[in-house]
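Scroll down for the structure; my scribbles are underneath it.
What you see is a predicted model, and the numbers here were worked out from it, not measured in a lab. Per chain, numbering begins at 1; letters A, B, ... match sequence-line order.
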Protein chains: 2
Amino acid sequence: MAKNASRKSASRLSIDDRTADILNAARQVISEKGYEKILLADIARQAGIVEGTIYRYFQNKRDLLVKVAELWFGEQLSADSHLDGISGTQNKLRHVAWRTLSIIKREPVLSRFMLMELRPDPNYRSTPFFELNRHFTRETLQICKDAIATGEFHADVSPALMRDMLHGCIEHRTWAFLRGEGDFSPDEVAEGIATVVYRGMLAHPVSNQPAAALETLVARLEKVAERLEQKPPQVGRNNQLR
Amino acid sequence: MAKNASRKSASRLSIDDRTADILNAARQVISEKGYEKILLADIARQAGIVEGTIYRYFQNKRDLLVKVAELWFGEQLSADSHLDGISGTQNKLRHVAWRTLSIIKREPVLSRFMLMELRPDPNYRSTPFFELNRHFTRETLQICKDAIATGEFHADVSPALMRDMLHGCIEHRTWAFLRGEGDFSPDEVAEGIATVVYRGMLAHPVSNQPAAALETLVARLEKVAERLEQKPPQVGRNNQLR
DNA sequence: AAAATCAAGTAAACTGAATTCATTAACAAC
DNA sequence: GTTGTTAATGAATTCAGTTTACTTGATTTT
């Protein structure tokens, strides 16, 4: 009601510019405050506007934060996201795991934000993280189904379970990492996951021990044969194989 | 200041009784409202007291909720919690997975509450879920280490990773379940997890189909046998291979 | 048994954050 | 310039959780 000669107004921007400003401000606040409380007041200040203005551009706080995550995560999906160039079941599994793990390693703040702030939300299903997860998850499922189709994998374990193992492991590892309980190397973890899952799913695992045992056995046999050839008859009790 | 002839007061109870009242009320509210917003006002009403009174018995809302979870989860840890009676690595793994999965299946509200409300909290580390998780996790780690020590498991994959796979898979499965994306059977899932992890970790997997390497060896053996057959017999019974 | 003490319980105030909305000011078109 | 439109404001509202000062009944002391 007062006349407010002193009232300052931010310059008028296009919808897109202002939207971008707010998104950037939000992202910056998230980066700085980590997974601590994110205040609209902080975001508004950072964007050089007032809290109420945010509601012109976003339905509510959650809507804004979801959009931030969407954008941010989108940037992380680089060219190495698709599997097209990769052959071999184990290689594919490794790549899928590695891809997610590297994003997490590269952008811990984003990951923490999505996992801890966005995910526990009641209507999490409309979250970018959710969609992305579904996509990755479908991809992994397909790898497994393909391998079963060719007979490479056992059909006695459900593909969905294998997928849950792979992605569940990644997620579990991520929580620990985000909680500050130890670092991890995307390469190593991806290698480990792919190895165990692959071996565990194989229809006809290669056993190197029985082979090794046989190897010795054969060698011994061959020696016996040689001896037999050298000294014709004369076989005594010494020739016992064991 | 007013005389308050009309002021109603809850009957005075012992500390323990009142505490129990509040805990029960909280638990009931959680059960009813599911993972929706849990209001202190609701809990107070349910307990027949006023919001402020809660702060006489609990430091704050989170403290109360954590205690509820502690109590509730404690009830679920039945006798089958320990592994003592179980032998065999795969059986142990299956049991560990099954135990958690059954609790989740039996108490979805509690699980959802712990996973979605308590876990994403900044100071989650003081949560009963956290401690419990650590305990289960250590147990699984030990199973793996033992199996490596006896030579049953490969040493080329870290035990911690195997543990993460097992528990991560359970957790991933749980999230899906709690989100209403399909039911699951503790028996089946536990069996699947144990199978894949066990097979995947085995140092000397059992091959049910002769590997190519074996075939060559067999061929060599046959040659030896042939040579032996060529050389006049003479060989005594001692030369039996077994 | 009266007085003093104590602690359970209450009601209201406080706090801090999201959200709403009537008002104002900047810009564009005429 | 006048006017219409709409971005931006900031004060008001709402809604939880939390704190506070007060009331009151029970218990202990004398």
Measure from the side chain of [X], starting at C-beta and using heavy atoms only, and say which of [options] lies closest.
X: B:Tyr57; options: C:dA8, D:dT9, C:dT19; value: C:dA8
X: A:Glu51; options: D:dA8, C:dA18, D:dT9; value: C:dA18
X: A:Asn60; options: D:dT18, C:dT19, C:dT10; value: C:dT19
X: A:Leu39; options: D:dA16, C:dA18, D:dT18; value: C:dA18

**Item:** Quiz item: cation-pi between A:Lys67 and A:Phe58, 6.0 Å / 45°
**Value:**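 Pair A:Lys67/A:Phe58 does not count as cation-pi.
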In this structure, how many angstroms lie between the [atom2] atom of [N] and the [atom1] atom of [X], rounded?
X: A:Tyr55; N: D:dA12; atom1: OH; atom2: P; answer: 18 Å
X: B:Ile22; N: C:dT10; atom1: CD1; atom2: C1'; answer: 13 Å
X: A:Asp63; N: C:dA18; atom1: CG; atom2: P; answer: 15 Å
X: A:Lys61; N: D:dC15; atom1: NZ; atom2: C1'; answer: 14 Å
X: A:Arg45; N: D:dG10; atom1: CZ; atom2: P; answer: 14 Å
X: B:Ile54; N: C:dG9; atom1: CD1; atom2: P; answer: 12 Å

**Item:** Which residue lies more 5' along DNA chain C, comparing A:Arg56 with A:Leu40 via nearest heavy atoms
**Value:**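 Mapping each residue to its closest nucleotide by heavy atoms, the 5'-most match is A:Leu40.
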**Prompt:** Would B:Arg27 and B:Glu75 pass as an ion pair if we require N to O under 4.0 Å?
**Reply:** yes
**Request:** Decide, yes or no, whether a salt bridge links B:Glu51 with B:Lys61 under the criterion of side-chain N to carboxylate O below 4.0 Å.
**Result:**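 Answer for the salt bridge query: no.
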**Message:** Just N and O in the side chain of A:Thr53: are any of them under 4.0 Å from OP1 or OP2 of D:dT9?
**Reply:** yes
**Request:** Not counting sequence neighbours, list each pair that qualifies as a salt bridge (Lys or Arg N to Asp or Glu O under 4.0 Å) and has a residue in residues 189-200 of chain A.
**Result:**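 Passing the test, one end in residues 189-200 of chain A: A:Arg94-A:Glu191, A:Arg199-B:Asp156.
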